[in-house]
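Take a look at the structure below.
Indexing begins at 1, ligand by ligand and atom by atom, following the structure's order.
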Amino acid sequence: MMEQTITAQSVWQKLANKQPVIISGPCSAETELQVLETAIRLAKTGKVDMLRAGIWKPRTKPGNFEGVGTEGLVWLQKAREITGLPFTIEVATAKHVEDSLKHAADILWIGARTTVNPFSVQEVADALQGVDIPVFVKNPVNPDLDLWIGAIERLQKAGIKRIAVVHRGFSNYGNTEYRNAPMWHIPIELKRRMPDMPMLCDPSHIGGRRDILLEISQKAIDLDYDGLMIEAHEEPDKAWSDAKQQITPEQLCDMLNKITWRHETSQKEEFLNALAKFREQINHIDDEVLTLLGNRMKIAEKIGLYKKENNITILQTNRWNEILEKSVKKGEKLGLTKDFILHLLDAVHLESINRQNRVMNSHEE
Ligand code: PEP
Ligand code: MN
């Protein structure tokens with residue numbers, strides 16, 4: 001039905017060119033009909049680069065639907081033939097890798113519950129030794145950046161060259177608005193350490209519900225992610241897993257149309273000039289802020305000396321409460337949130353106490 005066939009290589013090229021890649025499909029492959037119907041309707045949107053589906057599902061409790069197994073791979077091959085779209089699936093064991101390669105899966109992904117376990121990641125990496133296939137590594141369920149990077153390194157050591165990461169949020173105890181808290185600073189730090197690593201966002205598993213998918217996707221695009229993996233199902237409410245977070249292919253299309261696609265850099269001269277000016281202003285302001293903070297600390301040291309001479313404690317709670325109250329009020333007038341002011345003052349206070357402590361406990365006269 002598609003005039004053009006997309007391959008894993010072209011998906012990779014798109015990622016490398018920083019054109020957002022869209023991967024979509026059901027949480028789980030359930031029946032042949034469901035896989036084909038979803039795939040055909042996704043292809044019709046003209047916005048999807050690659051299909052996804054879970055074949056083996058790691059479920060929290062036994063007795064839930066655990067995936068159709070190898071049979072589902074044949075359905076995905078059929079979907080690829082009909083739509084021209086490549087497919088990606090989750091692997092967690094050497095046997096999964098073997099079956100996936102037999103059925104010519106285009107890209108493999110390691111799920112969040114596998115990334116947490118170095119034994120499992122190593123098993124998958126060993127099974128991939130000498131195979132040239134791209135692999136996506138989802139973040140581990142717990143917020144541990146080193147564990148995420150460790151999984152990437154295990155694959156690199158096995159000779160896998162094309163690796164991308166998928167940010168799907170982190171488990172947290174208790175109810176929050178997210179199914180998995182995004183903790184955006186963790187993927188941002190990963191990007192800082194591995195700037196060439198393509199990064200996708202999986203808003204479906206972060207959100208856990210349909211109504212916040214757009215907001216999460218927009219945030220990821222604003223943060224310069226390279227693509228999105230979003231669950232879509234021909235009849236979401238009847239899905240055998242993750243029903244609440246799945247949307248129809250047509251809803252996906254609407255949602256993608258609502259996203260404002262931004263790029264990290266723009267070549268327009270006018271834009272670049274304006275940006276350079278603003279950055280210059282920010283540099284000046286940062287400079288001033290630092291100079292003022294330096295001065296503030298010098299005064300704190302003087303107070304330290306004074307307290308030492310008069311034998312007074314460093315921490316005087318009343319004084320500190322007074323500063324906090326005043327600053328929060330002032331900050332609010334300036335449009336600064338209470339949370340920000342408290343964080344900032346906390347850091348300033350700690351530095352100030354350390355300085356005073358040093359002065360008071362030094363034995364130089
Ligand atoms: C999935 O993508 O269907 C899945 C199980 O994801 P995760 O490993 O992020 O939970
Ligand atoms: Mn799912």
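The single protein non-hydrogen atom nearest to atom 4 (C) of ligand 1 is H205 NE2, 3.6 Å, given as residue, atom name and distance. Nearest non-hydrogen protein atom to atom 9 (O) of ligand 1 is R168 NE, 2.6 Å. In terms of protein heavy-atom proximity, atom 6 (O) of ligand 1 is closest to K138 NZ, 2.9 Å. If you check which protein heavy atom lies closest to atom 8 (O) of ligand 1, you get A112 N, 2.8 Å. The protein non-hydrogen atom at the shortest distance from atom 2 (O) of ligand 1 is R52 NH1, 2.6 Å.
Ion pairing of R210 with D237 is present here, as a side-chain N (NZ or NE/NH1/NH2) and a carboxylate O approach within less than 4.0 Å. Using a 4.0 Å cut-off between charged nitrogen and carboxylate oxygen, D146 and R193 count as a salt-bridge pair. Using a 4.0 Å cut-off between a side-chain N of Lys or Arg and a carboxylate O of Asp or Glu, D106 and R80 qualify as a salt bridge. A salt bridge between R192 and E189 is present, with a side-chain N of the basic residue lying under 4.0 Å from a carboxylate O of the acidic one. E66 and K57 are not joined by a salt bridge, as no carboxylate oxygen comes within less than 4.0 angstrom of a charged side-chain nitrogen.
Taking every heavy atom of W109 and a limit of under 4.0 angstrom, the matching atoms of ligand 1 come to 1 (C), 2 (O). The ligand atoms of ligand 1 that sit less than 4.0 angstrom from a heavy atom of R113 are 10 (O). Short contacts between ligand 1 and K57, defined as distances under 4.0 Å to a heavy atom of the residue, involve ligand atoms 1 (C), 3 (O), 5 (C). The atoms of ligand 1 that sit less than 4.0 Å from any heavy atom of G111 are 8 (O).
The residue from V97, I107, L128 that alone fulfils the side chain to side chain contact (heavy atoms under 4.5 Å, CB included) condition with I133 is L128. Exactly one of I230, I221, I206, L228 qualifies for a side chain to side chain contact (heavy atoms under 4.5 Å, CB included) with I216. That residue is I206.
Annotation for L292: atom CG counts as buried by contact number, over 12 foreign heavy atoms lying within 6.0 Å.
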### Worked verdict on E322 versus R319 for salt bridge (charged side-chain N to carboxylate O under 4.0 Å, His left out)
CA-CA 5 Å; E322 188 192 310; R319 165 73 182 139; 3.4 Å; yes
### Task
Under the salt bridge (charged side-chain N to carboxylate O under 4.0 Å, His left out) rule, what do K138 and D202 come out as? Steps first, then yes or no, please.
CA-CA 9 Å; K138 287 199 167 196; D202 169 350; 2.7 Å; yes
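For the Mn ion (ligand 2), the count of nearby protein N, O or S atoms, meaning those under 2.8 Å away, is 4.
Contacts between E231 and ligand 1, counted as non-hydrogen atom pairs separated by less than 4.0 Å, involve the side chain only.
Using a 30° and 60° split on the angle between ring planes, W56 and H96 fall in the parallel class, below 30°.
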